[in-house]
2 protein chains.
Amino acid sequence: MADSIIKRCAGIGLRMTDQRKVIAMVLDQSDDHPDAEELFARATIHDPKISLATVYRTVKTFEERGILEKVEFGDGRARYEAAGRAHHDHLIDENSGEVIEFYDPDIEALQEKIAAKLGYRLTGHRMELIGVKLTSD
Amino acid sequence: MADSIIKRCAGIGLRMTDQRKVIAMVLDQSDDHPDAEELFARATIHDPKISLATVYRTVKTFEERGILEKVEFGDGRARYEAAGRAHHDHLIDENSGEVIEFYDPDIEALQEKIAAKLGYRLTGHRMELIGVKLTSD
DNA sequence: ATAAGTGCAAAGCATTTGCTTTGAA
DNA sequence: TTCAAAGCAAATGCTTTGCACTTAT
């Protein structure tokens, strides 16, 4: 498994304030896709004085330094997940909002192929599948 | 080719005000993906008195009635395109912002398959490829 | 010491809404 | 005539920023 976010911050020489440590820790402990408000709520548990502006500034810094990736699921809020993990896409449960991560090499290959056919070299993509749970009954 | 947006509005019994006619016409004449502000700018040419709020209300109405589809390219603004055309996805030129529409049946099939494998029935998806133009030199 | 980071409140955008007036049916 | 739609401005929700203060290095 990859290094913790705290370690990665130190590794690139980021100044580690108490607030950044708290936010990094919260991110390390999150396996979902929290938005800024949610990160703020979780961080507040460890540091009741932290401000929402700091959360916003910190995730922006982390994103710029390649520590986080911003993902947007079309609800108007930005969400964050640790970057540098294996690449994956998202499937969103239409009813619960639950987000499932998956990776499919065929999709990746196909996307390259489509881009090439259109005369492009692929530099990125975003893909979200929306679905409803198959009931077994 | 599909009916004009104006016809489709009439077809579902929408009250056709002058403003809606103008916005529908602007949409019919657009082959790109304008956002609300851009639609407002184009509509203003035909009706200098139209208000931005009306543009927002109208695209929302059109979307709810299945006449438009909202697409978001991650720049914080919603964009619109005529719905009910053949399904397609988007490739965005990283440098110019140009949007190319494409349809690939293999992608569609693969998405269904992935969703099924995860225990879901696919109800929708969004996919944008980001790329840079292949230079021929 | 000093440049970078924080907190707070104010500002910014895209979008929505309350309310009064206008107009399509 | 009557109810839906328009116009305007104020409100909203997410995110950013200016400024004075604090802190990691």
Side-chain angles (χ1 to χ4, degrees), chain A residues 5-27 33-65 67-80 97, chain B residues 5-7 9-27 33-44 46-65 67-80 97:
Chain A
I5 290 183
I6 297 185
K7 275 192 185 159
R8 299 180 61 204
C9 290
I12 60 174
L14 270 191
R15 186 188 279 198
M16 287 316 279
T17 63
D18 290 344
Q19 293 87 332
R20 285 184 177 173
K21 282 182 202 153
V22 166
I23 294 168
M25 181 179 64
V26 163
L27 285 163
H33 299 80
D35 59 31
E37 202 76 45
E38 179 59 32
L39 285 174
F40 174 61
R42 296 180 192 176
T44 297
I45 298 170
H46 302 97
D47 174 0
K49 301 215 170 44
I50 205 165
S51 79
L52 182 55
T54 294
V55 173
Y56 273 106
R57 278 192 274 238
T58 301
V59 292
K60 175 176 264 199
T61 300
F62 284 5
E63 194 203 352
E64 286 165 354
R65 304 304 294 270
I67 288 168
L68 285 184
E69 261 167 44
K70 184 194 283 195
V71 289
E72 288 171 89
F73 294 149
D75 58 0
R77 278 162 294 169
R79 293 155 184 283
Y80 295 89
Chain B
I5 290 183
I6 297 184
K7 274 192 185 159
C9 289
I12 59 173
L14 271 190
R15 184 187 283 199
M16 286 318 278
T17 62
D18 290 344
Q19 293 87 331
R20 284 184 178 174
K21 281 181 203 152
V22 166
I23 294 169
M25 181 179 62
V26 164
L27 285 164
H33 299 80
D35 59 31
E37 202 77 43
E38 179 58 31
L39 285 175
F40 175 61
R42 296 181 192 176
T44 298
H46 301 96
D47 174 0
K49 301 215 171 43
I50 206 166
S51 79
L52 183 54
T54 294
V55 172
Y56 273 107
R57 277 194 272 240
T58 301
V59 291
K60 175 176 264 196
T61 301
F62 284 5
E63 194 203 351
E64 286 166 354
R65 304 303 294 269
I67 288 168
L68 285 184
E69 261 167 42
K70 183 193 284 194
V71 290
E72 287 171 90
F73 294 149
D75 57 0
R77 280 161 294 170
R79 292 155 185 286
Y80 297 88

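First the proteins, then the strands, lettered A, B, ... as listed; each starts at 1.
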Could you pull out the protein-nucleic contacts involving nucleotides 10-12 of chain D (nitrogen or oxygen on both sides, under 3.5 Å)?
none

What N/O pairs connect the protein and nucleotides 18-22 of chain D at under 3.5 Å? Give each pair on its own line.
unit_1, atom_1, unit_2, atom_2, d
dG18(D), O6, R57(A), NH1, 3.3

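The ring-ring contact (aromatic ring centres under 6.0 Å, His included) check on F73(A) picks up H33(A), H90(A), with sequence neighbours excluded. Listed by chain and number, the residues in a salt bridge (Lys or Arg N to Asp or Glu O under 4.0 Å) with R65(A) amount to none (sequence neighbours excluded). Contacts of K70(B) classified as side chain to side chain contact (heavy atoms under 4.5 Å, CB included), with partners at least two apart in sequence or in another chain: E63(B), E72(B), A78(B), Y80(B). For D47(B), the side chain to side chain contact (heavy atoms under 4.5 Å, CB included) criterion is met by Q19(B), V22(B), K49(B), I50(B), not counting sequence neighbours. Residues satisfying the side chain to side chain contact (heavy atoms under 4.5 Å, CB included) test with M25(A), not counting sequence neighbours, are I6(A), Q29(A), H46(A).
Overall bending of the helix from dA1(C)-dT25(D) to dA25(C)-dT1(D), expressed as the angle between end axes built from five pairs apiece, is 30° (10° steps).
One finds the CD1 atom of I5(A) at 7.5 Å from the CD1 atom of I67(A) (value rounded to the nearest 0.5 Å). Distance check, rounded to the nearest 0.5 Å: CE of M16(B) to SG of C9(B) gives 4.0 Å.
Between E37(A) atom CD and dT16(D) atom C1' there is a gap of 14 Å when expressed in whole angstrom units. Distance, E63(A) CD to dT15(D) P: 12 Å, rounded to whole Å. Atom pair Y56(A):OH and dG12(C):C1' shows a separation of 13 Å (rounding to whole Å applied). One can place CZ of R79(B) at 15 Å from C1' of dT15(C), the figure rounded to the nearest angstrom. The distance between atom CG of L14(A) and atom P of dG5(C), rounded to the nearest whole Å, is 8 Å. In this structure, D18(B) atom CG and dA25(C) atom P are separated by 10 Å, rounded to whole Å. The distance from atom NZ of K60(B) to atom C1' of dA5(D) is 15 Å, rounded to the nearest whole Å. Distance R77(B) CZ to dG12(C) P: 18 Å, rounded to the nearest Å.
The side chain of Q19(B) approaches dA6(D) more closely than any other nucleotide in the set dA6(D), dA14(C), dG7(C). Taking every side-chain heavy atom of T17(B) into account, dA6(D) is the closest of dA6(D), dG7(D), dG7(C). Side-chain proximity of R20(A) to the nucleotides dG5(C), dA6(D), dT15(D) is greatest for dG5(C).
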Please list, one pair per line, the donor and acceptor atoms closer than 3.5 Å that link side chains of residues 51-60 of chain A to other protein atoms, with sequence neighbours excluded.
unit_1, atom_1, unit_2, atom_2, d
S51(A), OG, T54(A), N, 3.2
S51(A), OG, T54(A), OG1, 3.1
T58(A), OG1, T54(A), O, 2.6

Which donor-acceptor pairs under 3.5 Å do side chains of residues 35-45 of chain A form with protein atoms, sequence neighbours excluded?
unit_1, atom_1, unit_2, atom_2, d
D35(A), OD1, E37(A), N, 3.1
D35(A), OD1, E38(A), N, 2.7
D35(A), OD2, R77(A), NH1, 3.1
E38(A), OE2, R42(A), NE, 2.7
E38(A), OE2, R42(A), NH2, 3.3
R42(A), NH1, S30(A), OG, 2.8
R42(A), NH1, D32(A), OD1, 3.1
R42(A), NH2, D32(A), OD2, 2.7
T44(A), OG1, F40(A), O, 2.6

Problem set entry | I23(B)/R20(B) under side-chain contact (heavy atoms from CB on, under 4.5 Å): CA gap, chis, key distance, verdict | CA-CA 5 Å; I23(B) 294 169; R20(B) 284 184 178 174; 5.7 Å; no
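Position along DNA chain C of the nearest nucleotide to V55(A) versus L52(B) favours V55(A) as the more 5'-ward residue. If you find the closest nucleotide of DNA chain C to T61(A) and to A78(B), the one lying nearer the 5' end belongs to T61(A).
Counting non-hydrogen atoms under 4.0 angstrom, R15(A) reaches a base of the nucleic acid.
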